There are 2 protein chains.
Amino acid sequence: MTVTIKDIAEKAGVSYATVSRALNYKYGVNPSTRRQILEIASSMNYSPNAIARGLVKKQTHTIGLIIPDITNPFFPEVARGVEDMSEKMGYSIFLCNSNWDKTKENRYVKLLIEKRVDGLILAPSASVITEEDRQIYSRLPVVLMSGVQSGSGTSSVVVDNVKGGYIAGKYLIEKGRKKLCYIGGAEDSFSVKERFEGFFQAAESSISVSLSPDLVKFGDYRQKSGYRIMKELLENRNIPDAVFASNDLLAIGVIQAIRASGLKVPEDISVIGFDNIAAAGFGEVELTTIEHPKYRMGELAAGILLEKIDLKPEMQENKRVVLEPELIIRRTA
Amino acid sequence: MTVTIKDIAEKAGVSYATVSRALNYKYGVNPSTRRQILEIASSMNYSPNAIARGLVKKQTHTIGLIIPDITNPFFPEVARGVEDMSEKMGYSIFLCNSNWDKTKENRYVKLLIEKRVDGLILAPSASVITEEDRQIYSRLPVVLMSGVQSGSGTSSVVVDNVKGGYIAGKYLIEKGRKKLCYIGGAEDSFSVKERFEGFFQAAESSISVSLSPDLVKFGDYRQKSGYRIMKELLENRNIPDAVFASNDLLAIGVIQAIRASGLKVPEDISVIGFDNIAAAGFGEVELTTIEHPKYRMGELAAGILLEKIDLKPEMQENKRVVLEPELIIRRTA
DNA sequence: GAAATAATTGTAAACGTTTACTATTATTTG
DNA sequence: CAAATAATAGTAAACGTTTACAATTATTTC
């Protein structure tokens, strides 16, 4: 049906090996023959079959990107970073949403391996790394992103969560806040724990500041959760003067709850988030937060992966790059 | 290196055709042989090579998704809809960001065809459809999404922009607004025009309402643009009592400008957007807007495409489905 | 229990490339 | 101008599957 190298060869009166060479600009084909072949190819609307090529070259120039949910405002930028870098290097990406479901994530990994991707970028939906995971990392180049503990057995790029938490805490304290509060996502999430750790360190470092256990709460990573938790705190008259939410969505929920109760942000309660999602800067939100270099993270992950792909398996080594968080001061703290 | 059907065949002492049949659950292989083969396959950690299969079956179970920019809050939901539906039907998606660049979009189309995707979903970066585009639609199943005029020569799924604009206008008028204003994205964008058309119709339908040409402005689709345009209007003392922005980002910028000038939304000026992006509902934004069924659009596009793929080319027919917009009343109008 | 039929398995070609190796032709060299 | 060399082109195998067809083996039927 579609045009193949053979068709071109026939029309040009040469063998199809020659056509292949001409098309791939390999040296060793007569310039005039090549010109002729190229012309015929374009006139026949020839489109090289990357599947066939992939089969013989054992390379698809394709990588898999598995993230929990592209709809979560954290991930589009990451994905864009991955895509931009990949495109620049001649790779395409399969986008897969694991929907925070480890089983689905694993199914995707399996599928992508069947599709013979050259490598995999994974923002895991769970923090723990299983034996099965390690097994996968030995089958193909993988780089992990975001919320991954060190010693994962493969390359990873993460933000310095502890430092981010620390910066948030320090800033709040400098602003004269005394009664701190931490509202985190899922308690078993690695990054939630790390951000808390940094925040806790900051609180500890100042004797006049408290971070009492009843002002450390966990839920999940959605806005509603922030709203609910904060509302409860307010209703119980357990009122901090500053809250650090472990991500921006949560922080927005927290602010809503505070304002709904008639209190003011930041006058009565300062609120600081984490991630600096695009919406944090929107109009009336103006959230003070910690920048999580999302785009850069994606870009780096892709860069590291592509570098790995170019190396023979025994030459590949695992890198861990830790990105710097940064305080973004807006209006809520 | 990796395990192939031949390796399994050898170990099982059968021909590799039999292994292929067993693995694919084709009828005509002895149950006990199959059991044995399956066991060997799994013990050897066999992963079928989808590339090789794709070559012979001339089907990759892969579709391409080209959108302008996943970082634009409109697209993640669309992409998610596409992905969910595709996954359900056993297809993977290549994600490509054209970055609103027609040239890049075309390069991607070409690349995806080389990678032999079974079909293509395209949210075009430009409104006009060229001869080249039509040529492409004849090469493989394509469905277009969002901002596509009818008669595009292939299937498409869009929202009823005219109706959306009309609903916005009607609502503002019902609320007693008299001096309407339209702030649109790029003037040559099809959807910008359509939304205006509907809005204009609504304005026309009521004699006590004005929509004067100096209150119809165009820019691009970013927040800043909305801010800038509105600011100018306010500075020139050309002040409407209601503005319909052709998307939410623009609307947010408009609101910022209004509030920065000391006026109140919605008391002094009502603002209504379009798209209902997630951030429109966030905390303090609470934007009144027109729902654009983004997820549904992606889901439908994928559904229509997959249906098309299953049909012989001559059986494929072009569908155009028009989704209903819906008024979402929040706090800005 | 032989013939007919059904079930299972094997053989080989095909999918569209790339590439090692060989063959041919053109060019240089002394 | 013959020999040596360089440039160009061709042949055939390989990549890992699927599948039409043929071959074999098992089962049924009378």
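Atom set for the values below is all heavy atoms of this structure, side chains included, hydrogens, waters and symmetry mates excluded. What you are looking at is a predicted structure, and each value in this text was computed from that prediction instead of being measured.
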Minimum heavy-atom distance between B/Thr60 and B/Lys115, given as atom pair plus value: CG2-O, 4.1 Å

Can you see if the side chain of B/Tyr25 gets near the phosphate of D/dT18 - specifically, an N or O under 4.0 Å from OP1 or OP2? no

Could you tell me if B/Asn106 and B/Thr103 have a donor-acceptor pair between their side chains, going purely by distance under 3.5 Å? no

Please give, in whole Å, the distance from D/dA13 C1' to B/Lys6 NZ? 11 Å

Verify the contact: side-chain N or O of B/Asn24 to OP1 or OP2 of D/dT18, cut-off strictly under 4.0 Å; return yes or no. yes

Between A/Arg35 (CZ) and D/dT8 (P), how many Å, whole number? 12 Å

Nearest whole Å is fine: how far is D/dT19 P from B/Ile5 CD1? 11 Å

Any donor-acceptor pair under 3.5 Å linking the side-chain atoms of B/Thr62 with those of B/Arg116? no

Whole-Å distance, B/Ile8 CD1 to C/dT9 C1', equals 17 Å

Can you find a side chain N or O atom of A/Thr33 that sits less than 4.0 Å from OP1 or OP2 on D/dT8? no

Measure CG/B/Leu55 against P/D/dT18 and give the value in whole Å, please. 12 Å

B/Lys58 side chain near D/dT18 phosphate (N/O to OP1/OP2, under 4.0 Å): no

Specify whether A/His61 and A/Tyr91 have parallel, tilted or perpendicular ring planes, treating 30° as the upper limit for parallel and 60° as the lower limit for perpendicular. tilted

Between B/Pro124 and B/Leu122, the two heavy atoms sitting closest are CD-O, 3.4 Å

Between B/Asp7 and B/Tyr46, do the side chains contain a donor N or O and an acceptor N or O under 3.5 Å apart? no

Distance in angstrom units between A/Ile37 CD1 and D/dT8 P, rounded: 12 Å

Both B/Tyr46 and A/Val14 contact DNA chain D. Taking the nearest nucleotide for each, which residue is further toward the 5' end? A/Val14

Take nucleotides 19-25 of chain C nucleotide by nucleotide from the 5' end and write B, S or -, depending on whether a protein heavy atom sits under 4.0 Å from the base, only from the sugar-phosphate, or from neither. BB-----

Ignoring backbone atoms, test whether A/Thr4 places a side-chain nitrogen or oxygen under 4.0 Å from the OP1 or OP2 oxygen of C/dG16. no

What's the CG-P distance between B/Asn30 and C/dG10, to the nearest Å? 11 Å

Between C1' on D/dG16 and CG on B/Leu23, what's the gap in Å once rounded to a whole number? 12 Å

Is the closest side-chain donor-acceptor distance between A/Lys58 and B/Thr2 under 3.5 Å? no

Can you identify which nucleotide, out of C/dT8, D/dT8, C/dT9, has its nearest atom closest to the B/Pro31 side chain? C/dT8

